[in-house]
Engineer: 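Below is one structure. I have some questions about it.
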Amino acid sequence: MTRRALLSSALVMSLAACRRGGQAGVTTVTVEPGEYDIKVDKAEVPAGKVRFVAKNVGQMEHELIVLRTDLPADRLPYNEAEQKAEEEQAGEVLGEIEPEDLPPGKTAEMTLDLTAGHYVLLCNIPTHYKQGMHLDLRAR
């Protein structure tokens, strides 16, 4: 392959990556935790690398947990004493943005490799889950 053909090929691949959000093969999900809900720009993503960009639009600190589970988001086992969902009983925690990384008005991100299946996004600071800070996400 000539040098010109190699450069052309590299340019085409770079442009394609830019159209997908800057990282080849990565889907970006914008997540906005607030009081007391979580909003996302997509509830279904292709299986593979998924970049979660979380912006805390609330007035208190939040966290973002990605949990692989077969349970619906509003049906996770709940510990009344701790006022938290039982993440380990519900499924497998794949990633977390800690509360200290997501204070009010701040943005944090993580990239995870999701296989096809059902996931729950939640904030599990005491009382937050029960007040509605959870939602379902599917990878296909």
Side-chain angles (χ1 to χ4, degrees):
M1 193 176 255
T2 68
R3 182 178 170 168
R4 179 172 282 185
L6 284 172
L7 288 173
S8 281
S9 178
L11 178 62
V12 167
M13 289 171 41
S14 293
L15 289 173
C18 288
R19 274 182 255 152
R20 286 190 295 263
Q23 295 176 329
V26 177
T27 301
T28 298
V29 176
T30 302
V31 184
E32 292 185 342
E35 277 83 54
Y36 287 95
D37 63 0
I38 299 176
K39 294 182 176 129
V40 293
D41 64 341
K42 39 185 94 59
E44 188 171 299
V45 296
K49 294 224 180 281
V50 178
R51 178 176 162 242
F52 294 92
V53 178
K55 179 173 184 186
N56 184 346
V57 297
Q59 299 300 310
M60 58 182 61
E61 115 183 326
H62 293 294
E63 66 182 355
L64 177 65
I65 297 170
V66 178
L67 176 71
R68 182 175 173 83
T69 180
D70 292 328
L71 298 172
D74 62 350
R75 305 277 177 166
L76 302 184
Y78 191 76
N79 182 322
E80 288 289 344
E82 292 184 20
Q83 296 187 7
K84 296 172 76 173
E86 294 285 355
E87 303 158 15
E88 292 78 26
Q89 288 180 20
E92 178 186 3
V93 174
L94 297 181
E96 180 174 359
I97 296 174
E98 299 284 345
E100 56 269 14
D101 296 326
L102 205 54
K106 297 297 180 185
T107 300
E109 64 180 72
M110 67 179 154
T111 300
L112 302 172
D113 195 10
L114 303 186
T115 57
H118 177 258
Y119 298 84
V120 170
L121 306 182
L122 71 143
C123 176
N124 209 16
I125 291 174
T127 74
H128 289 205
Y129 170 80
K130 195 158 193 174
Q131 291 188 60
M133 293 198 72
H134 50 75
L135 59 82
D136 297 287
L137 177 80
R138 284 233 174 256
R140 302 242 184 235

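Residue numbers run from 1 in the order of the sequence given. Quantities reported herein were computed from a predicted structural model and do not represent experimental measurements.
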Engineer: Side chain to side chain contact (heavy atoms under 4.5 Å, CB included), that's the test. Do E80 and K130 meet it? Break it down for me.
Structural biologist: CA-CA 10 Å; E80 288 289 344; K130 195 158 193 174; 2.7 Å; yes

Engineer: May I ask you to check whether over 12 heavy atoms, not counting those of R138, lie within 6.0 Å of atom CZ?
Structural biologist: yes

Engineer: Looking at residues at least two apart in the chain, or sitting in another chain, which of them share a ring-ring contact (aromatic ring centres under 6.0 Å, His included) with H134?
Structural biologist: Y129

Engineer: Could you state whether V40 and L137 fall into the same hydrophobic cluster, counting links through intermediate Ile, Leu, Val, Met, Phe, Trp or Tyr residues with side-chain heavy atoms under 4.5 angstrom apart?
Structural biologist: yes

Engineer: Using the test ring-ring contact (aromatic ring centres under 6.0 Å, His included), find all partners of F52 that sit at least two apart in sequence or belong to another chain.
Structural biologist: none

Engineer: Give the minimum heavy-atom separation between A47 and A116, together with the two atoms involved.
Structural biologist: CB-N, 3.7 Å

Engineer: Does one hydrophobic cluster hold both I38 and M60, with members joined at side-chain heavy-atom distances below 4.5 Å?
Structural biologist: yes

Engineer: Under a single-linkage definition using a 4.5 Å side-chain heavy-atom cutoff for Ile, Leu, Val, Met, Phe, Trp and Tyr, are V45 and V53 assigned to the same hydrophobic cluster?
Structural biologist: no

Engineer: Who passes salt bridge (Lys or Arg N to Asp or Glu O under 4.0 Å) against K39, sequence neighbours left out?
Structural biologist: D37

Engineer: Can you pull the salt bridge (charged side-chain N to carboxylate O under 4.0 Å, His left out) pairs that have at least one residue in residues 53-64, sequence neighbours excluded?
Structural biologist: none

Engineer: Please name all residues satisfying side-chain hydrogen bond (donor to acceptor under 3.5 Å, both in side chains) with D113, sequence neighbours left out, ordered by chain then number.
Structural biologist: none

Engineer: Nearest 0.5 Å, what's the NE2-SG distance between H128 and C123?
Structural biologist: 5.5 Å

Engineer: Any side-chain to backbone donor/acceptor pair from H62 onto G34? Under 3.5 Å, distance only.
Structural biologist: yes

Engineer: Is it true that a side-chain atom of H118 and a backbone atom of T69 form a donor plus acceptor pair closer than 3.5 Å?
Structural biologist: yes

Engineer: How long is the straight-line distance from CG of D136 back to CZ of R75, given to the nearest 0.5 Å?
Structural biologist: 11.0 Å

Engineer: Can you tell me if K42 has over 12 outside heavy atoms packed within less than 6.0 Å of its NZ?
Structural biologist: yes

Engineer: So, the side chain of E32 versus the backbone of A54: is there a donor-acceptor pair under 3.5 Å, distance only?
Structural biologist: no

Engineer: Could you tell me whether the side chain of N56 and the main chain of L102 form a donor-acceptor pair under 3.5 Å?
Structural biologist: yes

Engineer: Please tell me whether L121 and Y36 are part of a single hydrophobic cluster in this structure, the criterion being side-chain heavy atoms less than 4.5 Å apart.
Structural biologist: yes

Engineer: Dump the intermediate steps for side chain to side chain contact (heavy atoms under 4.5 Å, CB included) on L64 and M110, then the final yes or no.
Structural biologist: CA-CA 10 Å; L64 177 65; M110 67 179 154; 4.0 Å; yes

Engineer: So which atom in V120 and which in P72 form the shortest heavy-atom distance, rounded to 0.1 Å?
Structural biologist: CG2-C, 4.4 Å

Engineer: CG of L122 to CD1 of I125: how many Å apart, nearest 0.5 Å?
Structural biologist: 10.5 Å

Engineer: Taking atom CD of Q59 as the centre, report whether more than 12 heavy atoms of other residues, nucleotides or ligands fall under 6.0 Å from it.
Structural biologist: no

Engineer: Could you tell me whether D70 atom CG has more than 12 heavy atoms of other residues or ligands within 6.0 Å of it?
Structural biologist: no

Engineer: Taking a hydrophobic cluster as the set of Ile, Leu, Val, Met, Phe, Trp and Tyr residues connected by side-chain heavy atoms closer than 4.5 Å, whether directly or through intermediates, do V31 and L135 fall within one such cluster?
Structural biologist: yes

Engineer: Extract all donor-acceptor atom pairs below 3.5 Å that involve side chains of residues 82-99 and protein atoms in other chains or at least two apart in sequence.
Structural biologist:
| residue | atom | partner | partner atom | Å |
| --- | --- | --- | --- | --- |
| E86 | OE2 | N79 | ND2 | 2.9 |
| E87 | OE2 | N124 | ND2 | 2.8 |

Engineer: Please step through side chain to side chain contact (heavy atoms under 4.5 Å, CB included) for the pair L67 and L76, ending with a clear verdict.
Structural biologist: CA-CA 10 Å; L67 176 71; L76 302 184; 3.8 Å; yes

Engineer: Which distance, rounded to the nearest 0.5 Å, do you find between the CG of L114 and the OG1 of T27?
Structural biologist: 9.0 Å

